[in-house]
There are 2 protein chains.
Amino acid sequence: MSEASTKDLILDAAEQQFADKGFAGTSLRAIMKNADVNMASIHYHFGSKEALIEAVVRRIAEPINRERLALLDDLEASHPEGELPLRGVIVAFLTPVKRLYAHPRGRTFFPRLMGRMTMEAGEELSPVMASIFGETGARFMAALGRAVPHLDSEEVFWRLHFAIGAMAFAIAAPGIHHHNVHSITEPPDPGTSFDRLVNFVTAGMEAPAPTVTRKANK
Amino acid sequence: MSEASTKDLILDAAEQQFADKGFAGTSLRAIMKNADVNMASIHYHFGSKEALIEAVVRRIAEPINRERLALLDDLEASHPEGELPLRGVIVAFLTPVKRLYAHPRGRTFFPRLMGRMTMEAGEELSPVMASIFGETGARFMAALGRAVPHLDSEEVFWRLHFAIGAMAFAIAAPGIHHHNVHSITEPPDPGTSFDRLVNFVTAGMEAPAPTVTRKANK
DNA sequence: GTCTATAAGGAGATAGAC
DNA sequence: GTCTATCTCCTTATAGAC
């Protein structure tokens, strides 16, 4: 059940390379070399580079979304009526991502891949991403609608995307920890970073609605 | 002065392709074909693909940073002492990006490239990005320090990065306008989108500081 | 399932005529 | 400055032995 099969070796190596060099920037040869498997075995197990990308992305995203939805289920179960606590919704969305930092497969490339998926997933990967994140997105849109009921759905939509962007960039931006803009010496602590992000996003979600120059609440 | 030189044709085509396919995903041949110039002319004018990437990135980023710093200069000149208005600092940072939407070179690939630069700029491009954004980053870090003086510099650093992530993702995420999570029918209006972003970021910056479990204000 | 070998084409880069 | 032609290497993918 927990043997390191060739398939898993390939997935692990691909994940690392994709996180580091991007999807287009990674060659199957680099993956092969890194996983110490044969070139042809990648095609045997996955069929094509594109299919391998999808497999890697799904392996990461699906557990995250499952946990997100489970946490949201719990929250909704304890608040069957009326407003949902905003911070609770945000914590449900972000907690599974926080866990990535402590993931056995590594603490740097793993989160970075999340960011790449989010930002680099144009073109052909787009329908895949939609099928992976569609349900979760819709569920959290609805939950946020209950948490900040004074906002119309378009406003909620954008704020959710701002939140995702803040998360993905803070997690994925290369070299962000070396910037040293102002002599920052301490290593990033997952717990504190997570609290920072939750605070920022919660406050952003609670911001006053902009004066819309068009029709109001849809 | 405003002739469409070969160099400019290459830069325009490269910019579009990079925004669409990413840096690694774009071949010089695609750029050549799109710009209707000769393969060799790219090397004649720029020397290498890497140098072309840097030229494209600089052409976009430098005017933005110049305008950011000019707006910040104005703001600081009118507030020589004491606190800076937070919203003013944020507007100075984001306004030049807003302008991209109305840029003659296009309203989709141009902003998307900003996002790619921000997210995909690992590895060898990193020092280039640092040289481009270093001064601007430091200036805005300092300005934010005056705008939210109760926060320590590490907190400010992270919040600035959350803001950049929110901006880059909202601007660059592919297919974000088609998501249709909740029957969003209206086309995105630059003015309103900008206000949404400014409101979100300002509120996030004003969030209460997290309870730090380590040493306080550095 | 895993290997070797190789196909078939795309990549960045350059030499040298004009 | 621009072109054609070409070099060399790397890419994905597959055929076929084991």
Side-chain angles (χ1 to χ4, degrees), chain A residues 1-59 113 116 120-126 128, chain B residues 1-59 113 116-117 120-128:
Chain A
M1 199 170 186
S2 70
E3 71 200 41
S5 68
T6 299
K7 205 166 175 175
D8 290 332
L9 287 174
I10 294 170
L11 284 170
D12 290 347
E15 186 176 289
Q16 183 158 12
Q17 293 289 309
F18 288 148
D20 205 39
K21 309 275 187 186
F23 297 115
T26 297
S27 70
L28 294 184
R29 297 181 123 78
I31 295 169
M32 163 201 89
K33 197 176 166 186
N34 216 277
D36 197 34
V37 300
N38 191 272
M39 170 89 260
S41 68
I42 296 182
H43 284 92
Y44 174 80
H45 287 287
F46 298 96
S48 70
K49 181 181 182 180
E50 197 183 351
L52 173 60
I53 292 175
E54 179 169 344
V56 169
V57 170
R58 283 195 183 278
R59 191 177 66 153
L113 185 57
R116 287 210 183 265
E120 205 182 335
E123 310 92 50
E124 60 292 333
L125 198 57
S126 203
V128 175
Chain B
M1 199 173 184
S2 71
E3 72 200 37
S5 69
T6 299
K7 206 167 173 173
D8 291 332
L9 287 174
I10 294 170
L11 285 170
D12 289 346
E15 186 175 290
Q16 183 157 10
Q17 292 288 310
F18 287 149
D20 206 39
K21 309 275 188 184
F23 297 115
T26 297
S27 69
L28 294 185
R29 298 180 130 80
I31 294 169
M32 161 202 91
K33 197 177 168 185
N34 216 278
D36 198 34
V37 300
N38 191 273
M39 172 89 256
S41 68
I42 295 182
H43 283 94
Y44 175 79
H45 286 288
F46 298 96
S48 70
K49 182 182 180 180
E50 197 182 352
L52 173 61
I53 292 175
E54 179 168 345
V56 168
V57 169
R58 283 197 182 277
R59 191 176 67 152
L113 185 57
R116 286 210 183 266
M117 280 163 45
E120 205 181 336
E123 309 92 52
E124 61 291 332
L125 198 56
S126 202
V128 176

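This is a predicted model, so every value here is computed, not measured. Chain letters run A, B, ... following the sequence lines, proteins first, then strands; residues in each count from 1.
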Closest listed nucleotide, where the reference is the side chain of [X] and the choices are [options]:
{"X": "A:Ala40", "options": "C:dA13, D:dC3, D:dA15", "result": "D:dA15"}
{"X": "A:Ser27", "options": "D:dT11, D:dT2, D:dC3", "result": "D:dT11"}
{"X": "B:His43", "options": "D:dT2, C:dG12, C:dT4", "result": "C:dG12"}
{"X": "B:Asn38", "options": "C:dC3, C:dA13, D:dC3", "result": "D:dC3"}

If I take atom [atom1] in residue [X] and atom [atom2] in nucleotide [N], what distance separates them, rounded to the nearest angstrom?
{"X": "A:Phe46", "N": "D:dT14", "atom1": "CZ", "atom2": "P", "answer": "16 Å"}
{"X": "B:Lys21", "N": "C:dA11", "atom1": "NZ", "atom2": "C1'", "answer": "16 Å"}
{"X": "A:Leu28", "N": "D:dA13", "atom1": "CG", "atom2": "C1'", "answer": "9 Å"}
{"X": "B:Arg29", "N": "D:dC10", "atom1": "CZ", "atom2": "P", "answer": "16 Å"}

| message | Whether the A:Ser41 and A:Asn38 side chains hold a donor-acceptor pair (N or O, under 3.5 Å, no angle test) is what I'd like checked. | response |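 No, A:Asn38 and A:Ser41 have no side-chain donor paired with an acceptor closer than 3.5 Å.
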| Taking for each residue the nucleotide of DNA chain D bearing the nearest heavy atom, is the 5' side occupied by B:Lys7 or by B:Met39? |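 Nearest nucleotide further toward 5': that of B:Lys7.
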| field | Along DNA chain D (nearest heavy atom to each residue), the more 5'-positioned of A:Ser48 and B:Thr6 | value |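 The 5'-side residue here is B:Thr6.
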| field | Smallest separation among heavy atoms of B:His45 and B:Ile10, with atom names | value | CD2-CD1, 4.3 Å
